[in-house]
Amino acid sequence: MSATRPETYLTDLNPAQRQAVLTTEGPLLVIAGAGSGKTRVLTHRVGHLLAACGVKPNEILAITFTNKAAGEMKERVEHQLGPVARAIWIMTFHSACGRILRREAERLGYRSNFTIYDQSDQLRVVKACLEELERDPKRFVPRGIHSQISNAKNQLIGPDEYAARVASFYDQTVADVYSLYQRKLFTSNAVDFDDMLMLTVDVLQRFPEARERWAKSFRYVMVDEYQDTNHAQYVLLKLLVELSQNLMAVGDPDQSVYGFRGADIRNILEFEHDFPATKVIPLEQNYRSTNSILHAANQVISHNRERKEKNLWSDLGEGEPVHVVETEDEHSEARFVASEIAALIAQGSSAGEIAVVYRTNAQSRVLEDVLVRQDIPYQVIGGPRFYERAEIKDAIAYLQVLDNPNDAVSLLRIANRPRRGIGDTSLGRLNAYADGLGTTLWEATAFPEEAGLAAASARALKGFRDVMQTLMATATDASVAQLLEAVLDRSGYVEALESERTIEARGRVENLEELVGVAREYDQATEEPTLSGFLQEISLYSDQDALRDDEDEGGQVTLMTLHNAKGLEFRAVFMIGVEEGIFPHSRSIEENSLEEERRLCYVGMTRAKERLTMTHAMRRNLYGRVDANLPSRFIDELPESGVERERLRPTSWSGYGARAVQREFIPRSDAPDLSTGDAVRHASLGSGIVIAIEAGGVVTVRFEDGNERRLMLEYAPLERIA
DNA sequence: ATGAGAAACATTTTT
DNA sequence: TGTTTCTCAT
C-alpha cells in the first residue's frame, strides 16, 4: 500500500487530529468528542508509527472494549498497511489479558488452557458456594454477592484483603463466598472475566521478569474508550507502560455511561495527574451531526458539574431543528414514531439509516407491535445471545470438559444432558466424594460405587465417562469442527433434540450446526488451531456482533437501548420515553447518578446525523400501572433555538392526523384461510406455526425464535407454507 | 422428573 | 402488565 507516506496519510486529517497522530512519545490524552474521527486518528497513528517511526508491528498494543471495535480497527489498519498489520496487537482488554495469561498462568498455579467462566457460570459457582456454606440464598442473593465480588476484583481487592476489611455480617458472608469461589475456580482451572484482569495485574506485579518482558515488548500502547476503564485496567496500563510511558488514551468523559459496571470516570479526568507531562489534545470538530443537534446535545451535557468544558462544532450546517414531541401515551408515541419512520422511508431513506433508542429494553415492545403491523422491517439489538443459548452452552461445555476435565461447572452442566439418568442426587454424592478425597469431580466419576451411587446411576455414569474418554482420544488428532461433530453425535445430544420433533428443537439443531460452522471457520482461519485456542476465543467473543452483521442485509430499522447505541450513528434517531422516572430512570435519581444519565442522553443525541426526535408521553402504562410522567429534565435543558416542540393530540377517534394513519390500515382481500397447526411465513418475522385462532380474525403465531405474536389476519403479511 | 400455577420481580451490561 | 423463578403436586 502506498498510503504509508506521511504526506499521503496526513492530508485527510484536521490539525488537532494530525497533532494526535504525530505525538508519538510520552503520555497523550486525546479528548475525542462524539463523531470527531477518533478511529481515524487511532488507525493513522498506528500507520505513522510503523511507516515513519521504525516501530515493529508487534511492539504496538491497541486496546478496545469490544470485539467489534477491535475487528473494525484491525480491518481499517490492514486495509491501510497490508498484511503486516496482522502482527499488531489490536484487541480487547480481555483478549490481551488472555494472551498474556496463557503465557504466565503457570506462575500463578493455573494451567494455560484455563477455562473462562461467563456470567452464568459465575453465578452457578456463587450459588454452589452459598449452598456449601449453608447460607440462606434469600438473605444473600447470589446476584448481589456476585456483583460485590466482581466490584472487589475490579478494585483489585483479593479475597484476603476483602476479608480483612469486613464491616458487617453481610460482608463477612461475601468474604467467605469470595474466598471459596476463588478456590473453586482455581481447582477447576478456571478464571472469570474479572480474574483475567486481576490475575494479569497480579502476575505482573509479583513477577518482575514477567513485568519487564511485557513492558518491553509493548513500546506503544493505545486505549480507546478510556472513560470506560476500571481501576484494574488502569493499573494494568500503568504496568505495561512503566518503561516507555508511551500511552495514548482516547476517550470522552461525556460519554462515560458504564459507571455501574465499575468504570471509573476519574481515570480519564485525572489522567494528566496520573501520567505527568501528559499532552492533551481535544478533538472538537464533529463530522457527524448538524449544528442543531450538536448545539442541543452540548446544551444538555453542560448541566453536568463534574466535567471538563468542551464544545463540539460542525461545518455541516444548521440542519433541521431537533424535534420534541409530546404524545398522550406510549401507544400514540409508538404510532407516531412508526409513521414518521414510514414517511422517512417513503422519502427515500433506507430503514438501515434509522434507529429508535430507549432507556430500558422493555420499551421496545409497544413499538415492535406497531412496526410489525405497519410492515416496517426492524431488528432489536440486545435480545438473547447466540452463545448464551442453552444448546450452544451445552455443546461448548462438552468441549470445555474435553479440554479441561477439571472444569467442574461444565462437567455438572453436561453430565445429565441429554438425560441419561445421572440426577442431582448422584452428582451431589460424587461432589461430596471428590471433596472428601481432595480430588476433582472428573476423577471421582471413575469411582461411582465408592461414591455411593445406586447401581443404575453408576452404570449411566460409566457410560458417560466412556463416551467422554473416547472423545478425549479423538480430540488429539481431530480438528475442532470434527471434534464438535463427534461430540454432538456420540453424546446423543442431537439425537435427543431430533426426537422432540418440535420447532424449537429444530431451531436448536440449526444453532448447533451454526456452531460447527464457527468451528470450521476457526480451523481454517487460524494458523495453529487448537481446542484450547478455540474455546478461549469464543469465550471472549460471546456476543452477536458477527451474526448481527450478516443479518442486516436488507436494511432494517434498529431498536436498541441507549447503552447499545454508543459508538453508532444514524441519519435519523428517535429517542423515546424521555420522561422523568424513565429517563432519567427513577433508580438513577435515587442513586444520585443523574450525571451518568445525562451523559447517556448526550450519547443518544449525538448518534443522529441529520434528524433527531425526542418523544415523551403524558401517561404511560408501566408494570400494569398507569403513571403520569413529566417530560424529562433533559428536555427542559434543551436550548430554545434549534428545537421545535410539538404536542400531538388526537384529531379524530382513529389517530393523529393524516400522516399518522396513512399507512396503517390497508386490509388485504387475499387473507389466507388458516387453522391451528398450520405452518406460516410472515414477511418480516419469519416462519412459525399457528397456535390459536380467535374470533375477529386474530391469529396467534409462534415463530421459530420462540416468540408468540397475535396478528390480524386481514392486515398481517402472512402466508401459509407447506 | 416434569409441569402447572403461584408468587415475586421488573435499569443500563462492551468482557 | 409480562416474565421469570419457585413450589408443590403428579
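Here is the naming used below: chain letters follow the sequence lines, and residue numbers restart at 1 for every chain.
Using a 4.0 Å heavy-atom cutoff across all strands shown, A/E591 reaches at least one base atom of the nucleic acid. Base contact: A/S588 has a heavy atom under 4.0 Å from a base atom. Within 4.0 Å (heavy atoms only), A/E597 reaches at least one base atom of the nucleic acid. Using a 4.0 Å heavy-atom criterion, one finds that A/N361 contacts the sugar-phosphate atoms exclusively. Using a 4.0 Å heavy-atom distance criterion, A/R143 is classed as a base contact. Nucleic acid contact for A/F93: none, since no nucleic acid atom lies under 4.0 Å from a heavy atom of the residue.
B/dT12 has no base stacking with the ring of A/Y258 when judged by centroids under 5.5 angstrom apart and an interplanar angle below 30°. An aromatic stack links A/H585 and the base of B/dT11, using centre distance under 5.5 Å and interplanar angle under 30°.
For the side-chain contact (heavy atoms from CB on, under 4.5 Å) with A/L204, the lone residue among A/L236, A/L199, A/V235 that qualifies is A/L236.
Checking the phosphate oxygens (OP1, OP2) of B/dT12, no side-chain nitrogen or oxygen of A/N564 falls inside 4.0 Å. Note on A/R419: a side-chain N or O is less than 4.0 Å away from OP1 or OP2 of B/dT2. OP1 or OP2 of B/dT11 lies within a sub-4.0 Å distance of a side-chain N or O belonging to A/Y623. At B/dT15, none of the side-chain N or O atoms of A/S95 fall inside 4.0 Å of OP1 or OP2 (strictly under the cut-off).
A donor-acceptor contact under 3.5 Å is formed by the side chain of A/R261 with the base of B/dT15.
Note: CZ (A/R99) to P (B/dT15) measures 17 Å, nearest angstrom. Rounded to an integer number of Å, the gap from NE2 of A/H331 to P of C/dT1 is 11 Å. With rounding to whole Å, A/L594 atom CG is found 14 Å from B/dT11 atom C1'. Distance CG (A/L427) to C1' (B/dA1): 14 Å, rounded to an integer number of Å. In this entry the distance linking CD of A/Q119 with C1' of B/dT13 reads 8 Å, nearest Å. In this structure, CZ of A/F193 is placed 11 Å from C1' of B/dT13, rounded to the nearest angstrom. Rounding to whole angstrom units, CZ of residue A/R598 and P of B/dT12 are separated by 21 Å.
Proximity note for A/T360 (side chain, C-beta onward) versus B/dT15, B/dT11, C/dT1: the nearest is B/dT11. Of the candidates B/dT13, B/dA10, B/dT15, B/dA10 carries the atom nearest the A/R587 side chain, counting heavy atoms from C-beta on.
Applying the 90° cutoff around 0 to the glycosidic angle, B/dT11 is assigned syn.
Of the two residues near DNA chain B, A/E596 and A/N416, the one whose nearest nucleotide lies more 5' is A/N416.
Side chains of A/D195 and A/Y117: a donor-acceptor N/O pair is absent below 3.5 angstrom, by distance only. Under the 3.5 Å distance criterion, with hydrogens and angles disregarded, a donor-acceptor pair is assigned to the side chains of A/N189 and A/N113. With no hydrogens or angles considered, no side-chain donor-acceptor pair links A/E579 and A/S632 at under 3.5 Å. When only modelled atom types and interatomic distance are considered, A/Y602 and A/Q255 share no side-chain donor-acceptor pair under 3.5 Å.
Atom CG of A/D192 is separated from atom CE of A/M198 by 7.5 Å, given to the nearest 0.5 angstrom.
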